[in-house]
Number of protein chains: 2
Amino acid sequence: MASEADVLQASGERRDLRRATEIVGKKWHPVVISTLLADGRRGFNDLKGALDGISDKVLSDCLDDLQSVGLVTREVIDDKPVRVEYSLTTAGEDLESVIEDLRAWSREHLSEDLPDRS
Amino acid sequence: MASEADVLQASGERRDLRRATEIVGKKWHPVVISTLLADGRRGFNDLKGALDGISDKVLSDCLDDLQSVGLVTREVIDDKPVRVEYSLTTAGEDLESVIEDLRAWSREHLSEDLPDRS
DNA sequence: CAGTATCCAAATAGATACTG
DNA sequence: CAGTATCTATTTGGATACTG
């Protein structure tokens with residue numbers, strides 16, 4: 001029998017899972033995080049170059065969102081011209097293993113068998 | 001210096017990651033998988049009941065998609081009335097640890113600190 | 001029981017042009 | 001350099017009603 005407490009716990013776990021997948025499931029969020037993991041603290045145009053294909057607006061929205069959920073820190077460096085640097089918080093860094101596992105799972109189960117031999 | 005080979009590999013890794021997050025990032029996919037992991041092989045209405053809030057159409061679309069990417073198997077049992085049972089493939093089962101890690105990460109970094117003491 | 005058929009609303013992503 | 005402003009297209013998710 002499922003007690004009322006069980007039901008509550010299940011819905012709490014669903015909510016936790018959803019919060020994570022809402023972040024990780026956005027088109028650019030995981031690759032931005034992955035880039036910051038690999039390359040460290042970067043400026044807007046560095047990221048834009050590394051991402052290849054992303055538009056200004058989409059990167060901007062993406063970084064805003066990542067800040068708002070506490071995965072990325074934005075720091076304004078007061079040079080001339082002013083620079084801005086983005087880096088991961090520990091929450092962001094802690095996604096590394098999950099991202100690696102997702103990638104590994106994908107390679108194992110999702111790669112349509114490459115038609116490699118000519 | 002980034003060689004051409006490095007660039008190609010990076011884009012391949014991005015594609016792998018994207019394939020995984022496209023699945024895991026859908027609103028209901030991870031919770032359907034999670035339910036099948038916990039409860040095993042289930043019928044349409046069992047799942048619908050366990051999911052609470054999902055509509056027929058959305059569950060139907062979701063199961064179609066999970067089949068098409070090879071995570072779920074659909075089996076028609078020829079009783080009267082006919083039953084249909086859904087279960088995970090090994091690719092689906094192999095997502096268990098990733099889903100658990102996502103949940104754990106979420107609890108550690110995303111839970112807005114519960115206002116628990118009255 | 002296990003869905004389909006319609007229609008609709010909201011969320012995401014992208015193109016293009018412009019700014020301090 | 002680091003964005004914002006618009007406008008549009010596409011993708012999802014959902015409500016409701018109906019079917020073999």
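In what follows, chains carry the letters A, B, and so on, assigned in the order in which the sequence lines appear, proteins first and then strands, with residues in each chain numbered from 1.
A donor-acceptor pair is defined here as one N or O able to donate and one able to accept, closer than 3.5 Å; such a pair exists between the side chain of W105(B) and the backbone of A91(A). Counting only distance, with no hydrogens or angles, the side chain of T35(B) and the backbone of V31(B) share a donor-acceptor pair below 3.5 Å. Not one N or O on the side chain of T73(A) forms a donor-acceptor pair closer than 3.5 Å with the backbone of L88(A). At distances below 3.5 Å, at least one donor-acceptor pair connects side-chain atoms of D6(A) with backbone N or O atoms of S3(A). Judged by distance alone, the side chain of S106(A) and the main-chain N or O of R19(B) form no donor-acceptor pair under 3.5 Å. A donor-acceptor pair under 3.5 Å is formed between the side chain of T21(B) and the backbone N or O of L17(B). For the pair Q9(A) (side chain) and A5(A) (backbone), a donor-acceptor distance under 3.5 Å is absent.
Side-chain nitrogen and oxygen atoms of S60(A) include none within less than 4.0 Å of the OP1 or OP2 phosphate oxygen of dA2(D). For Y86(B) and dG3(C), the shortest distance from a side-chain N or O to OP1 or OP2 is below 4.0 Å. Remark: K27(B) is in phosphate contact with dG14(D), judged by side-chain N or O atoms under 4.0 Å from OP1 or OP2. Dashed line: the shortest gap from a side-chain N or O of R83(A) to OP1 or OP2 of dG3(D) is not under 4.0 Å. Side-chain N/O atoms of S55(B) include none lying less than 4.0 angstrom from OP1 or OP2 on dT16(D).
Salt bridge R103(A)/E100(A): present, at least one basic N to carboxylate O contact under 4.0 Å.
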Problem set entry | Pairing annotation in dot-bracket form, given for DNA chain C with Watson-Crick or G-U pairs under 3.5 Å and | for cross-strand partners | ||||||||||||||||||||

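Spacing between atom CG of D56(A) and atom P of dT6(D) amounts to 16 Å, rounded to whole angstrom units. Taking atom CD of E22(A) as the reference point, atom P of dG13(D) lies 11 Å away to the nearest angstrom. Note: CD1 (I23(B)) to C1' (dT12(D)) measures 16 Å, nearest angstrom. We find that CZ of R74(A) is positioned 15 Å from P of dC1(D), with the value rounded to whole Å. In this entry the distance linking NZ of K26(B) with C1' of dG14(D) reads 16 Å, nearest Å. For the pair K57(B) NZ and dA9(C) P, the interatomic distance rounds to 14 Å; values are reported in whole Å. The distance between atom CG of L63(B) and atom P of dT12(D), rounded to the nearest whole Å, is 16 Å. dG13(D) atom P lies 9 Å from atom CD1 of I54(B), rounded to whole Å.
The side chain of P81(A) lies closest to dC1(D), out of dA2(C), dC1(D), dG3(D).
Non-hydrogen atoms lying under 4.0 Å from DNA chain D are contributed by W28(B), all within residues 28-43 of chain B.
Remark on DNA chain D: of its neighbouring residues G25(B) and V82(A), the 5'-side contact belongs to V82(A), judged by nearest-heavy-atom nucleotide.
Within 4.0 Å (heavy atoms only), V84(A) reaches sugar-phosphate atoms of the nucleic acid but no base atom.
Legend: salt bridge (Lys or Arg N to Asp or Glu O under 4.0 Å) pairs involving residues 66-81 of chain A, not counting sequence neighbours, sorted by first then second residue: R41(A)-E75(A), D79(A)-R83(A).
Side-chain atoms of H29(A) and V24(A), non-hydrogen and from C-beta on, never get closer than 4.5 Å to each other.
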